[in-house]
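Bear in mind the structure is a predicted one, so any value in this text is a computation, not a measurement. Because only heavy atoms are used, hydrogens play no part in the values below, and waters and symmetry mates are left out as well, while side chains stay in.
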Amino acid sequence: MTANEDQEMELEALRSIYEGDECFKEISPVSFQFRIGELEDTKAFLLDVSWPETYPETSPQITLDAFFNNRISAETKQLILSQLEEQVEANLGTAMMYTLFEWAKENQESLMENHKPVVTAVTSLSSGDTTNAASTTKKKERKEQLTKAQKRRIVSKTDNKGELPRGWNWVDVIKVGAFPHFHHKMERLL
């Protein structure tokens with residue numbers, strides 16, 4: 001069997017195995033992406049795999065360069081690629097994509113055990129903006145603090161179990177001075 005025939009058979013097998021699987025994406029007949037882990041999982045990663053013309057007699061090209069993997073450190077990426085390369089060497093000459101993907105899924109925890117998410121946030125604050133941001137956070141903190149009088153009122157409203165009575169935080173919706181136009185409509189109705 002030629003390399004192209006092997007590739008065609010493996011491609012057909014991959015399509016039937018991963019049909020409807022959101023983790024597998026066929027980019028082209030010789031290029032694939034496979035997500036290891038759930039989207040929400042911080043330890044998930046995306047494998048980009050491309051077959052050279054002589055695959056499976058030669059190694060597929062595997063990378064972790066997808067944008068999805070930006071939060072993974074270079075050391076962790078290198079560890080994943082080196083361990084995948086060992087699996088490739090063990091399976092050289094055979095259809096190995098299914099074996100590689102399943103091995104990566106089974107070993108996701110060990111591959112990502114030293115993973116510390118890389119933060120790549122870009123902020124463009126000038127020194128003046130920094131002080132403004134700091135002052136607004138201070139203002140917010142002050143709003144959240146209660147005065148001694150407010151604390152006393154809250155404590156005095158509690159019952160013998162330390163619970164607040166039903167409706168203690170309800171707002172009076174109708175106040176005569178608060179909605180003068182509403183008050184006039186009410187007078188007309190009465």
Side-chain angles (χ1 to χ4, degrees), residues 1-137 140-141 144:
M1 229 185 253
T2 67
N4 286 341
E5 289 172 340
D6 286 342
Q7 288 179 9
E8 287 174 21
M9 287 180 58
E10 185 169 6
L11 178 59
E12 191 175 315
L14 289 172
R15 285 176 178 160
S16 66
I17 292 169
Y18 294 114
E19 183 179 352
D21 189 343
E22 62 184 34
C23 293
F24 179 79
K25 182 177 180 183
E26 181 182 336
I27 308 298
S28 74
V30 294
S31 182
F32 313 94
Q33 285 184 334
F34 195 83
R35 187 181 70 239
I36 308 298
E38 297 299 317
L39 279 174
E40 303 81 28
D41 188 0
T42 58
K43 294 188 174 190
F45 56 93
L46 190 69
L47 294 175
D48 280 312
V49 181
S50 298
W51 292 342
E53 281 187 35
T54 55
Y55 172 84
E57 299 304 319
T58 57
S59 301
Q61 180 183 2
I62 303 172
T63 65
L64 293 168
D65 296 335
F67 181 77
F68 186 82
N69 298 327
N70 279 356
R71 69 194 184 300
I72 301 173
S73 68
E75 296 83 26
T76 304
K77 286 181 182 179
Q78 190 56 44
L79 172 78
I80 294 169
L81 290 174
S82 66
Q83 292 198 9
L84 280 169
E85 193 59 39
E86 290 175 15
Q87 294 301 312
V88 167
E89 294 299 321
N91 291 293
L92 210 54
T94 63
M96 67 179 86
M97 288 299 99
Y98 176 78
T99 307
L100 285 178
F101 295 154
E102 294 303 310
W103 180 87
K105 284 195 315 193
E106 290 170 11
N107 293 284
Q108 177 187 6
E109 283 300 315
S110 64
L111 291 171
M112 297 293 283
E113 72 182 345
N114 295 324
H115 169 62
K116 292 175 186 71
V118 175
V119 179
T120 55
V122 177
T123 56
S124 59
L125 292 176
S126 66
S127 60
D129 292 343
T130 311
T131 56
N132 289 343
S135 65
T136 56
T137 56
K140 287 180 184 176
E141 288 175 17
E144 294 174 358

Go through the structure and list residues passing side chain to side chain donor-acceptor pair (under 3.5 Å) with [X], not counting sequence neighbours.
X	answer
Thr94	none
Glu38	none
Lys43	none
Asp41	Gln108

**Message:** Cation-pi check for Phe68 against Arg71: NZ or CZ below 6.0 Å from the six-membered ring centre and within 45 degrees of the axis, yes or no?
**Reply:** yes
Using a 3.5 Å cut-off and no angle test, enumerate the donor-acceptor pairs between side-chain atoms of residues 76-85 and protein atoms at least two apart in sequence or in another chain.
from	atom 1	to	atom 2	distance (Å)
Thr76	OG1	Ser73	OG	2.9
Ser82	OG	Gln78	O	3.2
Ser82	OG	Leu79	O	2.9

**Prompt:** Yes or no on side chain to side chain contact (heavy atoms under 4.5 Å, CB included) for Thr42 and Met112, after CA distance, side-chain angles and deciding distance?
**Reply:** CA-CA 10 Å; Thr42 58; Met112 297 293 283; over 6 Å; no
**Complete:** Residue set satisfying side chain to side chain contact (heavy atoms under 4.5 Å, CB included) with Gln87, at least two apart, ordered chain then number -> Asn91, Leu100, Trp103
**Prompt:** In Å and rounded to the nearest 0.5 Å, what is the OG1 to CD distance from Thr54 to Gln7?
**Reply:** 8.0 Å
**Complete:** Output for pair (Leu46 CG, Asn70 CG), nearest 0.5 Å, gives 11.0 Å
**Message:** Going by side chain to side chain contact (heavy atoms under 4.5 Å, CB included), Trp51 matches just one of Val30, Asp6, Thr58. Which one?
**Reply:** Val30
**Request:** Assess whether side chain to side chain contact (heavy atoms under 4.5 Å, CB included) is satisfied between Leu47 and Leu64, documenting all intermediate values.
**Result:** CA-CA 6 Å; Leu47 294 175; Leu64 293 168; 3.6 Å; yes
**Asked** Would you call Glu102 and Lys105 a salt bridge, taking side-chain N to carboxylate O under 4.0 Å as the test?
**Response** yes
**Message:** Atom CD of residue position Glu89 - does it have more than 12 heavy atoms of other residues, nucleotides or ligands inside 6.0 Å?
**Reply:** yes
**Request:** Using a cut-off of 6.0 Å, state whether more than 12 heavy atoms not belonging to Gln61 lie near its atom CD.
**Result:** no
**Request:** Identify the heavy atoms of Phe32 and Leu11 that sit nearest to each other, and give their distance.
**Result:** CE2-CD1, 3.6 Å
**Request:** Start with the C-alpha gap between Val49 and Phe34, add the side-chain angles, then the distance that decides, and say whether side chain to side chain contact (heavy atoms under 4.5 Å, CB included) holds.
**Result:** CA-CA 8 Å; Val49 181; Phe34 195 83; over 6 Å; no
**Item:** Intermediate values then yes/no, side chain to side chain contact (heavy atoms under 4.5 Å, CB included), Glu22 and Arg35
**Value:** CA-CA 8 Å; Glu22 62 184 34; Arg35 187 181 70 239; 3.4 Å; yes
**Prompt:** Do the side chains of Tyr55 and Met96 get nearer than 4.5 Å, heavy atoms only?
**Reply:** yes
